[in-house]
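What follows is a set of notes on a single structure, which appears directly below.
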Amino acid sequence: MPYLGLIYLVILVIALIDIINTDDAAVRGLPKFAWVILVVMLPLVGALVWLAVGRPAADERPHRQHSGAASEFPEYDHPGRYVPQDPEADREFLQQLRDRAEQQRQTAREQQRAADRTDDGDQPPATS
């Protein structure tokens with residue numbers, strides 16, 4: 001029984017890390033903060049109750065549809081990103097963001113060109 005304390009500590013640490021890394025909306029039973037308090041106050045019992053009851057079920061955790069594959073919007077494809085209920089609406093929203101960003105870049109380039117032209121007009125022409 002010399003390793004009982006180590007096993008106890010490992011279960012406590014695993015439960016606390018899991019609680020902290022779990023999305024607030026996915027936690028079941030109690031608020032996330034209450035789970036942390038429960039596990040700290042009653043370490044073994046709290047950790048086991050968290051693992052049995054509070055932890056989100058595997059089918060409740062969002063999964064990426066294109067895991068490992070390049071997505072249509074790679075700049076938004078990272079682990080832990082919110083997975084939408086309506087992927088088509090999300091795709092439209094992301095496309096609108098991309099279009100708006102491109103429009104803003106185009107406007108900035110035009111403004112820069114206009115500023116460069118006015119700066120060139122103020123200086124005398126270079127002689128060789």
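Starting from 1, each residue takes its place in the sequence as its number.
A heavy-atom distance below 4.5 Å is found between the side chains of Phe33 and Ile37. Taking 4.5 Å as the limit, some side-chain heavy atom of Trp50 sits within range of a side-chain heavy atom of Val27.
If you run side chain to side chain contact (heavy atoms under 4.5 Å, CB included) between Val13 and each of Val10, Leu16, Ile17, only Ile17 comes through.
Checked by atom type, the side-chain pair Asp99/Gln103 shows no donor-acceptor distance below 3.5 Å. The closest side-chain donor-acceptor pair between Arg109 and Gln106 falls under 3.5 angstrom.
Closest of all the heavy-atom pairs between Ile11 and Ala47 is CG2-CB, 3.7 Å.
In the hydrophobic cluster analysis, where Ile, Leu, Val, Met, Phe, Trp and Tyr join through side-chain heavy atoms closer than 4.5 angstrom, Ile20 is grouped apart from Leu38.
With values rounded to the nearest 0.5 angstrom, Ile19 atom CD1 is found 11.5 Å from Asp24 atom CG. Taking OG1 of Thr118 as the reference point, atom CG of Asp116 lies at 7.5 Å (rounded to 0.5 Å).
Remark: Arg100 pairs with no residue by the salt bridge (Lys or Arg N to Asp or Glu O under 4.0 Å) rule, at least two apart or across chains.
No side-chain donor-acceptor contact under 3.5 Å links Trp35 to the backbone of Arg55.
Taking 4.0 Å as the cut-off between side-chain N and carboxylate O, Arg113 and Glu110 do not count as a salt-bridged pair.
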